[in-house]
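Just below is one structure, and these are the notes that go with it.
Naming convention: chains lettered A, B, ... in sequence-line order (proteins, then strands); numbering from 1 in each chain.
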There are 2 protein chains.
Amino acid sequence: MRSIPDEGLELIARRFAVLAEPMRLRLLHALFEGEKNVSQLVEFTGGTQANVSRHLQTLTGSGILGRRKEGLLVFYSIADPSIYHLCDLVCGSLEKQLTKQAGVFSHH
Amino acid sequence: MRSIPDEGLELIARRFAVLAEPMRLRLLHALFEGEKNVSQLVEFTGGTQANVSRHLQTLTGSGILGRRKEGLLVFYSIADPSIYHLCDLVCGSLEKQLTKQAGVFSHH
DNA sequence: TTCAAATATGATCCAATGCGTATATAGTTT
DNA sequence: AAACTATATACGCATTGGATCATATTTGAA
């Protein structure tokens, strides 16, 4: 079998880790609608400005988000389209698991 | 826009977190070949028995792996087929990012 | 140039998690 | 039952990462 070098594994793990925070998922979910600036995201998520800014930095640093400055405002947007599919996959898998029990997602 | 309840976000984050460890990815990679018992996985990954066992427990607890006892041996296998696609997506996305620089995956 | 608004960053604290060692449990063999 | 093998778990330690508060930086306006 083809083995994966440690560097590669750590890169993959790192990518998953970036997605492993509820606040970052909330930010991604907000940005699925289209690009938004930091203030909008702060209001949207209900987080503090500092915290939102940090998470945006994490997401941007990993290449998932893109950044665009316009005067005082900074707009963020999805830069890696694979994220959509990734989230769909996980949601789908979890829905399957959950419909075998009680349904958190059941009220479509 | 449809918002996702906090419970849901935490479930999704949790799923990503489970995939965010190199050793667990190594175990998954090993199991992509087919089911293996703990000793085989210990040898395969080069980890300690205790550590491998713990990570297998994490993966099983999240529904990603299945567990089958056969005498003294315990066999683990991929239970959630979406994992294949999930890893492919991430790898593909990372390859794209990396080919824009130096190539860790470049020697196919 | 001074002020105000939007965003980023530094310092600190705290909780979560991974690893290693040692030990416990379960199943098998004699 | 005793001894042995395979696997799981308890404990302690070290590291990491997120949240908050305060402050810095950037940019536009007066």
Kindly give the heavy-atom pair with the smallest separation between A/Leu41 and A/Ala30, and that separation in Å.
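That closest heavy-atom pairing would be CD2-CB, 3.8 Å.
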
For the student: nearest non-hydrogen atoms of A/Leu56 and A/Leu27, plus distance:
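Closest approach of A/Leu56 to A/Leu27, heavy atoms only: CD2-CD1, 4.1 Å.
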
Students should find this one: the first and last nucleotides of DNA chain D, 5' to 3', lying under 4.0 Å from a heavy atom of chain A. What are they?
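Taking any atom under 4.0 Å from a heavy atom of chain A, the span is D/dG17 to D/dG28.
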
Scan A/Phe75 against the nucleic acid and name what it touches under 4.0 Å (heavy atoms): base, sugar-phosphate only, or nothing.
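If one applies the 4.0 Å heavy-atom cut-off, A/Phe75 turns out to touch nothing in the nucleic acid.
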
Over all strands shown, is B/Arg14 touching base, sugar-phosphate only, or nothing at heavy-atom distances under 4.0 angstrom?
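Sugar-phosphate, no base atom in range.
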
Within this structure, what is the [atom1]-to-[atom2] distance between [X] and [N], rounded to whole angstrom?
| X | N | atom1 | atom2 | value |
| --- | --- | --- | --- | --- |
| A/Asn51 | C/dG10 | CG | P | 16 Å |
| A/Leu41 | C/dA8 | CG | C1' | 15 Å |
| A/Asn37 | C/dA8 | CG | P | 10 Å |

Show me the donor-acceptor pairs, under 3.5 Å and distance only, between side chains in residues 84-93 of chain A and residues at least two apart or in other chains.
| residue | atom | partner | partner atom | Å |
| --- | --- | --- | --- | --- |
| A/Ser93 | OG | B/Arg15 | NH1 | 3.2 |
| A/Ser93 | OG | B/Asp80 | OD2 | 2.5 |

Sorted by first residue and then second, give each ring pair (Phe, Tyr, Trp, His ring centres under 6.0 Å) pair with at least one member in residues 53-82 of chain B; sequence neighbours left out.
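Non-adjacent pairs meeting ring pair (Phe, Tyr, Trp, His ring centres under 6.0 Å): zero.
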
Report whether A/Phe32 and A/Leu94 are members of the same hydrophobic cluster (ILVMFWY, side-chain heavy atoms less than 4.5 Å apart, transitive linking).
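A/Phe32 and A/Leu94: one cluster.
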
Tell me, do B/Leu11 and A/Leu98 make a side-chain contact under 4.5 Å, heavy atoms counted?
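B/Leu11 reaches A/Leu98 side chain to side chain.
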
Are side-chain heavy atoms of B/Leu25 and A/Ile4 found at a separation under 4.5 Å?
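Not in contact.
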
DNA chain D-proximal residues of residues 53-63 of chain A, any heavy atom under 4.0 Å:
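Heavy-atom cutoff 4.0 Å gives A/Arg54, A/His55.
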
Do any N or O atoms from the side chain of [X] and from the backbone of [Y] form a donor-acceptor pair under 3.5 angstrom?
| X | Y | result |
| --- | --- | --- |
| B/Ser53 | B/Gln49 | no |
| A/Glu10 | A/Glu7 | no |
| A/Arg24 | A/Val18 | yes |
| B/Lys36 | B/Ser77 | no |

Does a side-chain N or O from B/Thr48 land closer than 4.0 Å to OP1 or OP2 of C/dG20, or not?
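Yes, because at least one side-chain N or O of B/Thr48 sits under 4.0 Å from OP1 or OP2 of C/dG20.
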
Say you draw a straight line from CD1 of B/Ile12 to CZ of A/Arg26; how long is it, rounded to the nearest 0.5 Å?
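The CD1 atom of B/Ile12 sits 11.0 Å away from the CZ atom of A/Arg26.
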
To the nearest 10 degrees, what angle separates the axes at the start and end of the helix from C/dT1-D/dA30 to C/dT30-D/dA1, five pairs each?
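The helix from C/dT1-D/dA30 to C/dT30-D/dA1 shows an end-to-end axis angle of 10°.
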
Assign each of B/Glu21 and A/Leu73 to its nearest nucleotide of DNA chain C by heavy atoms, then name whichever residue's nucleotide is nearer the 5' end.
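Residue closer to the 5' terminus by nearest nucleotide: A/Leu73.
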
Would you tabulate the pairs of protein nitrogen or oxygen atoms and nucleotide nitrogen or oxygen atoms of nucleotides 28-30 of chain C closer than 3.5 angstrom?
none

Tell me whether A/Glu43 at atom CD has more than 12 heavy atoms from other residues, nucleotides or ligands lying less than 6.0 Å away.
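No, CD of A/Glu43 has 12 or fewer neighbouring heavy atoms, counting only those of other groups under 6.0 Å.
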
Distance-only donor-acceptor test, A/Gln49 side-chain atoms vs C/dA8 base atoms, 3.5 Å
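Such a pair exists between side chain and base.
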
